[in-house]
Structures are given as structure tokens and as C-alpha cells.
Amino acid sequence: MQNWIWNNGRGRIPPAMTKRAVIQKIIETLQSELETYTRAAKASHAEATAEENRAENKYDTRGLEASYLAAGQANKIVELEESIAAFGELQNRRFGSDEGIEVGALIEISQDGEHAHYFIGPSAGGTEVTCDKHEVLVITPQSPLGSQLQGAAQGKKMKINLAGRKQAVEILAVS
């Protein structure tokens, strides 16, 4: 594991994988997604209000369907804007090696001999970013894994229930 270093006694963290760098990658990913949804919402709105999509009879729902799509995309835009702001607020949160895992923690766990990195986010669960050639998956406290890791500290070995079976994990690093 030549890419791993000890991070101030808090566990093994890839050299360039700081929490700030991970959060910045998450924000960039969310901003890219926001731009895509904004373009799509504008196109859907234009389609919903276009003269050629005006209902010709009671069974013609093209305009109505486009307006529902535009409304859903507008809701997603608001959700993404809120997520970006929430991740921005987490950039200065620090964790000691003896603190329990909570929102804002960058963690490394070992499971079945494999190492995985997770960021406990306030939202945007399932977002994946690559930092220092390592994938980091955003999970929320509401997710099956996130809920079981809440409060656990670095060095803790525990059994978690995932996909209907118990799995042994060790928390290698919390920052």
C-alpha cells in the first residue's frame, strides 16, 4: 500500500485525499449536475409553454406532461442548490480520532480485506467522486450503512447488516 500514509495518528489516508479536497470534488459534481438540470428545466419549460403543444382536445396531454417534467426538474434544482450550500458549510468541520462518526466525516473502512472510503453527507447520497485515484462514495445518515456507522469511532470493529447479511467491518480512519 505504497500510496497510504499515516495522517497525524488518525489512520491511513491517501496523501492528497483531504476532507476539503473531497468536499470540493463533491461540490463540483453537484454543480455540474445542477447545470444539466437547469438546461433541461429551461427546455422543458419552453416545451410546456410552446404554442404547438397547446392541447387540441381533451386527450392531448403533451403540454401538461412537459409542465410536470419542468416542475420536477425545478424541484431537483432547488435540492441541488441546497446540497451545494450544505456541503460548503462542512469544509471546516474537523474530527478527532476518538470522535464518533457523524455528518461531515470522511472515513475509511476495511471490509472483507477491501478498503473503502465514504463521506457522510447531509444529502446527495450515492454521489461518487475520485480523489487521489481513490473513489469516495457519499452516504447519508439515513442510508443502511450510514445509520449503522453513526457514532462509531476510529479503530472500532463491528458487524453491520448489509444486503440481508452480517458483515465484519473495521473503521480505519475518521477525519
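Predicted, not measured: the structure shown is a model, and the values here were computed from it.
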Hits for side-chain contact (heavy atoms from CB on, under 4.5 Å) against Pro122, two or more places apart or cross-chain, chain-then-number order -> Ala86, Phe87, Leu90, Val103
Here the pair of heavy atoms bringing Gln73 nearest to Ser44 is OE1-OG, 2.8 Å
Distance col, row Lys42:NZ vs Arg39:CZ, nearest 0.5 angstrom, shows 9.5 Å
What one should report as the nearest heavy-atom pair of Ala173 and Gln154 is CA-OE1, 3.7 Å
When rounded to the nearest 0.5 Å, the distance separating CG of Leu69 from NE2 of His45 is 12.5 Å
Rounded to the nearest 0.5 angstrom, the OH-CG distance for Tyr118 and Leu137 is 6.0 Å
On a heavy-atom basis, the closest approach of His134 and Asp132 is CD2-O, 2.8 Å
Next on the checklist: I'd like to know if the side chain of Ser147 reaches the main chain of Pro144, judged simply by a donor and an acceptor atom lying under 3.5 Å from each other, with no hydrogens or angles considered.
Outcome noted: yes
So the side-chain hydrogen bond (donor to acceptor under 3.5 Å, both in side chains) pairs with at least one residue in residues 76-86 (sequence neighbours excluded) are Lys76-Glu79, Ser83-Ser123
Query - side chain to side chain contact (heavy atoms under 4.5 Å, CB included) between Ile120 and Ile107, intermediate numbers included - result: CA-CA 8 Å; Ile120 310 297; Ile107 63 172; 4.2 Å; yes
Hits for side-chain contact (heavy atoms from CB on, under 4.5 Å) against Ile171, two or more places apart or cross-chain, chain-then-number order -> Ile101, Ile109, Leu149, Ala152, Lys156, Met158, Val174
Taken in chain and number order and not counting sequence neighbours, the residues that satisfy side-chain contact (heavy atoms from CB on, under 4.5 Å) with Lys159 are Lys166, Ala168
Residue set satisfying side chain to side chain donor-acceptor pair (under 3.5 Å) with Glu33, at least two apart, ordered chain then number -> none
Thr38 and Leu34: side chain to side chain contact (heavy atoms under 4.5 Å, CB included), yes or no, with the steps?
-> CA-CA 6 Å; Thr38 300; Leu34 175 63; 4.0 Å; yes
Exactly one candidate in Ile160, Asn161, Val169 meets side-chain contact (heavy atoms from CB on, under 4.5 Å) with Leu145; the answer is Ile160
*With distance as the sole test, does Ser143 use its side chain to make a donor-acceptor pair with the main-chain N or O of Ile139 at under 3.5 Å?*
no
* Asked: Could you go step by step and tell me if Val22 and His117 meet the side chain to side chain contact (heavy atoms under 4.5 Å, CB included) rule?
  -> CA-CA 10 Å; Val22 170; His117 295 90; over 6 Å; no
| message | Show, in sequence, the C-alpha distance, side-chain angles and deciding distance for Leu172 and His115, and conclude whether the side chain to side chain contact (heavy atoms under 4.5 Å, CB included) test is met. | response | CA-CA 9 Å; Leu172 299 176; His115 294 251; 3.1 Å; yes
The side-chain contact (heavy atoms from CB on, under 4.5 Å) partners of Gln91 (sequence neighbours excluded) come to Arg20, Ile23, Gln24, Ile27
